[in-house]
Enquirer: 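The structure's right below; bear with me while I get my questions together.
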Number of protein chains: 2
Amino acid sequence: MPALDRSLVASLPVFQGLTPEQQDDVLGEAQSVRYPKGADVFQQDQQAQHFFLLLHGHLRVYRLTPDGQQVVVRYISPGEIFGVAMALGRTTYPATAAAVVDSVALVWPNAVWPRLSETYPALLANTLRTVGSRLQDAQTRVVEMSTEQVERRIAHALLRLAQQSGRKVETGIQIDFPISRQDVAEMTGATLHTVSRVLSAWEDRGLVEGGRQKITLRDPHRIFMLAEGNGG
Amino acid sequence: MPALDRSLVASLPVFQGLTPEQQDDVLGEAQSVRYPKGADVFQQDQQAQHFFLLLHGHLRVYRLTPDGQQVVVRYISPGEIFGVAMALGRTTYPATAAAVVDSVALVWPNAVWPRLSETYPALLANTLRTVGSRLQDAQTRVVEMSTEQVERRIAHALLRLAQQSGRKVETGIQIDFPISRQDVAEMTGATLHTVSRVLSAWEDRGLVEGGRQKITLRDPHRIFMLAEGNGG
DNA sequence: CGAAATTTTGACTAGGTTCAAGTTCTGTGG
DNA sequence: CCACAGAACTTGAACCTAGTCAAAATTTCG
């Protein structure tokens, strides 16, 4: 196993409040693993044996309903910890995480969590903040699904993706990984068809630029107005 | 201030892993406060100055949208900690908590959190588990809102309420606090009218018994079947 | 008893799904 | 290098769930 370079991860939120030596101790327990595009990092209802930190790539986390529908819980970007089922008191993963592009993650065996979390309470505190902010996100999504119509939900979803993983290009801000209309549908509780119709209409109005598994926000400001229910 | 009786709270999940002396230390920083029915414990966007543990009563936690719609985030039952905004890295409360019946809570000033959480990592770990389970709940709700029709969402919401705060009565399981059709609507992303229609239909079929701000599940099993999408 | 809050019910409407083709990409293998 | 098969996307038409609008009935409480 190649030594992990602390400088790559020292500035991440998870490691705040730890000295370089402590960071080395934590990193020393991890292995770096590569996940090719399409591979699962872990699967829903599987025994949770590890927790993770994404170094490169993007993951799509989704839940499968009994009747086979998928709902996208979130996308994970580099620097985020994920799969911390054990810290949350669970024995299985609540969702499946799959690489949408070739990805690399640090992997810790669950067995080291008790020692690390007792030795370094800052690690616990940082994890609590991360989980807390995801709770906020999830509750915001519940509010949106309860009160907003599809077009506004799509606007909010795209703005979140752009903020999280947007890349500036000449024509605007492009989502930095392959994302289909179906994916957007599974993030917003709409159907593929409705998402396609909405994006087509937006494209006619110059708000976005479509493409196969590609979405570019041409006019983020007007999309924001749409999301907030103003203008149209 | 009357001394707080440790025996009342020692068995709660938050205090697991602490010795009686440590529990006394934590409790010693808290005050017991009474909230009459209808009073707010804290308000959305208010500076977060305290965190709480509910001793008696029931709280309704809701978020208000810019256009004035309310969405119920959750109901809090005795024994639960809440309002832990600071531990989550927030400076304001993300929602409003109001007493639906006369209630009593332990109140800690935020200022004591850094010391307590550093001194007793178990407190951090327990809080992380609590927040984690709320994250699961919120994500489950997102999945339900994305994939289920109103009738099933209402069934799920009532079953959750019954599990959390159900009281056995002769005719079935009654929700143990006043809850209106409007409240159920705000929990499920439906309208008052739709909830009323669904509950009326269920009452005709003998599944529930209605009443002003009162709901009794007469046949929890058949409601469960409904929630799971089987029979009807 | 009267006023306010809660609940019920009817009629109509509409946003979004479903059903059904058809079109446009993209990567692969001959 | 081009043909082609599969995947992704688009679009039209019919339909339906749940929302909206409107009004009345019931309950509670001062």
Side-chain angles (χ1 to χ4, degrees), chain A residues 36-38 60 65 67-72 98 100-102 144-155 157-158 175 177-205 208-216 226 229 232, chain B residues 37-38 60 65 67-72 98 100-101 144-155 157-158 175 177-205 208-216 226 229 232:
Chain A
K37 175 174 179 170
R60 176 180 185 275
T65 65
D67 59 315
Q69 293 183 77
Q70 295 189 5
V71 176
V72 172
V100 292
V101 294
D102 287 351
E144 287 176 8
M145 304 257 313
S146 294
T147 62
E148 297 177 0
Q149 314 216 124
V150 175
E151 189 173 42
R152 288 180 59 188
R153 300 208 301 269
I154 295 174
L158 293 190
I175 310 298
F177 51 83
I179 183 163
S180 69
R181 307 292 181 270
Q182 178 72 41
D183 291 325
V184 176
E186 288 171 8
M187 297 180 71
T188 54
T191 59
L192 159 64
H193 311 279
T194 300
V195 171
S196 178
R197 275 184 254 267
V198 167
L199 290 187
S200 293
W202 286 2
E203 187 149 18
D204 291 344
R205 292 164 56 194
V208 301
E209 193 180 308
R212 192 190 176 88
Q213 303 204 53
K214 182 162 70 74
I215 302 175
T216 306
L226 247 172
Chain B
K37 175 174 178 170
R60 176 180 184 274
T65 65
D67 59 317
Q69 291 183 80
Q70 294 188 6
V71 177
V72 172
V100 292
V101 293
E144 287 177 7
M145 305 254 319
S146 295
T147 61
E148 296 177 2
Q149 314 216 122
V150 176
E151 189 172 41
R152 289 180 60 188
R153 299 207 304 269
I154 294 174
L158 293 189
I175 310 300
F177 50 82
I179 184 164
S180 69
R181 307 291 181 270
Q182 177 72 41
D183 290 325
V184 176
E186 289 170 7
M187 296 180 71
T188 55
T191 59
L192 159 63
H193 310 277
T194 300
V195 172
S196 179
R197 274 185 255 267
V198 168
L199 290 188
S200 293
W202 286 2
E203 188 149 19
D204 292 344
R205 293 165 56 193
V208 300
E209 194 180 307
R212 191 190 175 87
Q213 301 206 38
K214 184 163 68 74
I215 301 174
T216 306
L226 247 172

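Chain naming here is simple, since letters A, B, ... match the order of the sequence lines and numbering starts at 1 in each. Remember, it's a predicted structure, so these values are computed and weren't measured experimentally.
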Enquirer: Pick base, sugar-phosphate or nothing for A:S180, based on heavy-atom distances below 4.0 Å to the nucleic acid.
Expert: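 The residue A:S180 makes sugar-phosphate contact but no base contact.
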Enquirer: I need the CD1-P distance between A:I154 and C:dG15, as an integer number of Å.
Expert: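 Atom-to-atom, A:I154 to C:dG15, this comes out as 14 Å.
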Enquirer: Shorter than 3.5 Å, N or O on both sides, protein versus nucleotides 13-19 of chain D: list them out with atom names.
Expert:
unit_1, atom_1, unit_2, atom_2, d
D:dA18, OP1, B:V150, N, 2.7
D:dG19, OP2, B:T191, N, 3.3
D:dG19, OP2, B:T191, OG1, 3.1
D:dG19, OP2, B:T194, OG1, 2.4

Enquirer: Using atom CD of B:Q182 as one end and atom P of C:dT7 as the other, report the distance to the nearest whole Å.
Expert: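 Atom-to-atom, B:Q182 to C:dT7, this comes out as 9 Å.
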Enquirer: Measuring from A:K214:NZ to A:I179:CD1, what's the distance to the nearest 0.5 Å?
Expert: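 The NZ atom of A:K214 sits 13.0 Å away from the CD1 atom of A:I179.
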Enquirer: Output every pair passing salt bridge (Lys or Arg N to Asp or Glu O under 4.0 Å) with a member in residues 181-191 of chain B, not counting sequence neighbours, ordered by first then second residue.
Expert: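 Matches after skipping sequence neighbours: B:R60-B:D183, B:R60-B:E186.
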Enquirer: Taking CD1 from A:I175 and C1' from D:dA8, how many angstroms apart are they, rounded to a whole number?
Expert: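 Taking atom C1' of D:dA8 as the reference, CD1 of A:I175 is at 17 Å.
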Enquirer: To the nearest Å, give me how far apart CG (B:D183) and P (C:dT6) are.
Expert: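 B:D183 atom CG is separated from C:dT6 atom P by 9 Å.
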Enquirer: Is there a side-chain contact between A:D67 and B:T147 in this structure, where contact means two heavy atoms from C-beta onward sitting under 4.5 Å apart?
Expert: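 Result no, sub-4.5 Å side-chain heavy-atom pair not found.
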Enquirer: Indicate, with a heavy-atom threshold strictly under 4.0 Å, whether B:S200 touches base, sugar-phosphate, or nothing.
Expert: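 If one applies the 4.0 Å heavy-atom cut-off, B:S200 turns out to touch the sugar-phosphate alone, with no base involved.
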Enquirer: If only atom types and distance count, is the side chain of A:R153 paired as donor or acceptor with the main-chain N or O of A:E144 below 3.5 Å?
Expert: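 Answer holds: no.
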Enquirer: Specify the separation, in whole Å, of atom CZ of A:R181 and atom P of C:dC25.
Expert: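 It works out to 12 Å between those atoms.
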Enquirer: Checking B:S196 side chain against B:L192 main chain: does a donor-acceptor pair fall under 3.5 Å?
Expert: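 No, B:S196 side chain to B:L192 backbone: no donor-acceptor pair under 3.5 Å.
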Enquirer: Please give me the minimum heavy-atom distance between A:L158 and A:I175, naming the atom from each residue.
Expert: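 Heavy atoms only, the tightest pair is O-CD1, 4.1 Å.
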Enquirer: Rounded off to whole Å, could you give me the CG-to-C1' distance for the B:L199 and C:dT6 pair?
Expert: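 Atom-to-atom, B:L199 to C:dT6, this comes out as 13 Å.
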Enquirer: Hey, does A:G211 reach any base, or is it just sugar-phosphate, or nothing, if we go heavy atoms under 4.0 Å?
Expert: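 Here A:G211 touches the backbone only, sparing every base.
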Enquirer: Whole Å only: how far is the CH2 atom of A:W202 from the C1' atom of D:dT10?
Expert: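 A:W202 atom CH2 is separated from D:dT10 atom C1' by 17 Å.
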Enquirer: Give me, pair by pair, the N or O atoms of the protein and of nucleotides 22-30 of chain D that are less than 3.5 Å apart, along with how far apart they are.
Expert:
unit_1, atom_1, unit_2, atom_2, d
D:dT27, O2, B:R212, NH1, 3.1

Enquirer: Using only atom types and a distance under 3.5 Å, with no angle test, would you say the side chain of A:D102 pairs donor to acceptor with the backbone of A:K37?
Expert: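 The answer is yes, because a donor-acceptor pair under 3.5 Å joins these two groups.
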Enquirer: Does any non-hydrogen side-chain atom of B:T194 lie less than 4.5 Å from one of B:T188?
Expert: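 Counting from C-beta outward, B:T188 and B:T194 never come under 4.5 Å.
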Enquirer: Quickly work out the A:K214 NZ to D:dA7 C1' distance and round it to whole Å.
Expert: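 From A:K214 NZ to D:dA7 C1': 17 Å.
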Enquirer: If I compare all heavy atoms of A:P178 with all of A:V101, which pair ends up nearest, and what's the gap?
Expert: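 So the minimum-distance heavy-atom pair works out to CD-CG1, 3.4 Å.
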Enquirer: Is there a side-chain polar atom (N or O) of B:S196 under 4.0 Å from OP1 or OP2 of C:dT7?
Expert: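 Answer is no, no contact under 4.0 Å.
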